[in-house]
There are 2 protein chains.
Amino acid sequence: MSKALNGRGQLRDETRARVQAVAHELGFVPSAVAASLLTGRTYTVGLIMTDHHGRFSLPVLHGAEDALGWGETLALVCDTRDDPIREQHYVRSLIRRRVDGIIVAGRRTDPRPPLGGRPPVPVVYAFARSSDAADCSVVVNEEAGAREAVEHLIRTGRRRIAHVTGPRGHASVRTRVDGTRHALHEAGLELVGEPWYGGWSEVWGRFAAAALTRSHPDVDAVFCGSDAIARGVADGLRECGRRVPDDVALVGVDNWQPTAEGCRPPLTSVDLNLQEVGRTAGALLLRAIEYGAAPGIHTVPCRLVVRASSAPASG
Amino acid sequence: MSKALNGRGQLRDETRARVQAVAHELGFVPSAVAASLLTGRTYTVGLIMTDHHGRFSLPVLHGAEDALGWGETLALVCDTRDDPIREQHYVRSLIRRRVDGIIVAGRRTDPRPPLGGRPPVPVVYAFARSSDAADCSVVVNEEAGAREAVEHLIRTGRRRIAHVTGPRGHASVRTRVDGTRHALHEAGLELVGEPWYGGWSEVWGRFAAAALTRSHPDVDAVFCGSDAIARGVADGLRECGRRVPDDVALVGVDNWQPTAEGCRPPLTSVDLNLQEVGRTAGALLLRAIEYGAAPGIHTVPCRLVVRASSAPASG
DNA sequence: GTCCCGGATGTGATCGCTAACATCGAGAGT
DNA sequence: ACTCTCGATGTTAGCGATCACATCCGGGAC
């Protein structure tokens, strides 16, 4: 019977067909539970996510689903709401369920402490790497992303480039500042003023735009640490009488559709390729499950999505 | 042993403690797989979602997680990307895995065809009800939400109220128009002009605001079909020289933080209570699993979140 | 006619746990 | 003192698959 349904043993085609027909007739569906008990594989992985807006975790989940083969392997999704107790709880629950592996999707790119509870299965950290270098992590190459954004601005004729970004404490913020400086330096340019550290919000973007216009009226481009900031900057600049992109070009980060396309003008943005992060994490996890762990930090490139906000200067 | 760890059989406390201690020492974790095989319950449910931004599904997932008791019962998440083939595939996969039940989270409120494949387990539809009335669905009371929004506007002194909303084809759009008309009628008022049907985007909101200002310059409030539209309307009105909320009050729908709080001024919005929808769906599913199905359409109320955009008229 | 061979089919042990049943032992009732 | 009972502990079948092995059968070779 198992032979007929899985096509494993050797038996006549006709027999196989008959068994399958009867099975279908009876609505019989073999139990994956019983198979798991014997083989030790559940074809199920845990996906631990820590952000409940899902702005980062969801694309990761989708990528992972792709890699896990649409239902071949399914994901048990656990939202920890950033609570270590809950995380611990979920990990135990996953272990009890004998998942084949675990993906941990972060919310910030700062390294996070590895999963507690000594999971006896492979773990892959996605987006936020584990602070233990012996773990397997998949991260976005944010520095290259920032560099690409700035190079794009330079290529389209901008020279006086400022950087308005999020809170100093975030690893992403520092990395993006480094990338920005690097790209400018390579082109023989300097950042206009210091980086403007603030929040991730539009309000901060508007405020920064006003201040920036006062202190550096000659700025002709702003690279922003997020789409929300960029959108605030766009509105702020417009209200100060600067035209985007004619007077000032803008590039954001996240390529978050609602913000990037609602912005006036639509926003050029660095896409963090989170789906690809998820896909890579899923693929690495599968490989780790079958052939053993592949520790290290795996990097996925960003992708610059060009829209109207960074059109070449009219002059 | 099973008795000691689950505290089920009757045995001396000391024995129980000793067994537990040794088990912990050895890092022994009992296998839920084996238990499921025997008891027939996996303490796992399927969550089928159809929107991959997750703007609707994710809150539903969180609510469901609450109801399912943080790890007591976990959810296998499947994103169908609105593809019936993939949905079918996932359902089969869930059945093979012997999930205890399935939650189907929609993306639009229009009734959807019930799940194919005759799942032998309870199914609860969340947000989008099943078109089969014999199924169990949890939906938001959008009409009451619209009514509440309009009543709020009336209570704060508005009389000339217009409605800018999404595409005519959507059930939500029709329901919200009905709620709006109903509330106005009860107060002895009439909608200013016809409802403005369009898209869900900011662009449409901006366009509609300009047109509305031209055709009905005396409008003192706009109830919008979504936060994105409302935000567009806010920008459009401002550019036509109307002040929000002094001249025109605004209310949106979705209470989607980034949009509602990024808006100038911050947006009063009807919260669809999706988390509560998820919680109810989870609770109903558990009840259905243990005591049999509770068919019918269960309704969850909306919640009006008041922000600056609907402050009473200054005059 | 007998033997052997290979493909087709049947059989049973096993995965890890639970629940029902068997057993055991000590204190109480007669 | 003997049984009776009840609470504590030990034993075992079986959940539903898989896989290795046993069996079976027909045909070809000798």
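Below, chains carry the letters A, B, ... as their sequence lines are ordered, and counting in each starts from 1.
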Practice task
May I ask you to check whether A:Thr299 and A:Asn141 show a side-chain donor-acceptor distance below 3.5 Å?
Solution key: no

From CZ of B:Arg41 across to C1' of D:dG16 the rounded distance in Å is 19 Å

request  = Inspect the contact between A:Arg108 and A:Asp110 and indicate whether a charged nitrogen and a carboxylate oxygen are less than 4.0 angstrom apart.
outcome  = yes

Between CG of A:Leu38 and C1' of D:dG14 the distance, given in whole Å, is 15 Å

Of the candidates C:dC15, D:dA17, C:dC17, the side chain of A:Leu37 sits closest to C:dC15

Ranking C:dT18, C:dG16, C:dC15 by distance to the side chain of B:Ser31, first place goes to C:dG16

B:Arg96 CZ to D:dT18 P, in whole Å, measures 8 Å

When rounded to whole Å, the CZ to P distance for the pair A:Arg97 and C:dG16 reads 19 Å

Notebook entry, point to check: Yes or no on salt bridge (Lys or Arg N to Asp or Glu O under 4.0 Å) for A:Glu65 and B:Arg81, after CA distance, side-chain angles and deciding distance?
Noted result: CA-CA 11 Å; A:Glu65 270 193 316; B:Arg81 300 174 206 191; 3.7 Å; yes

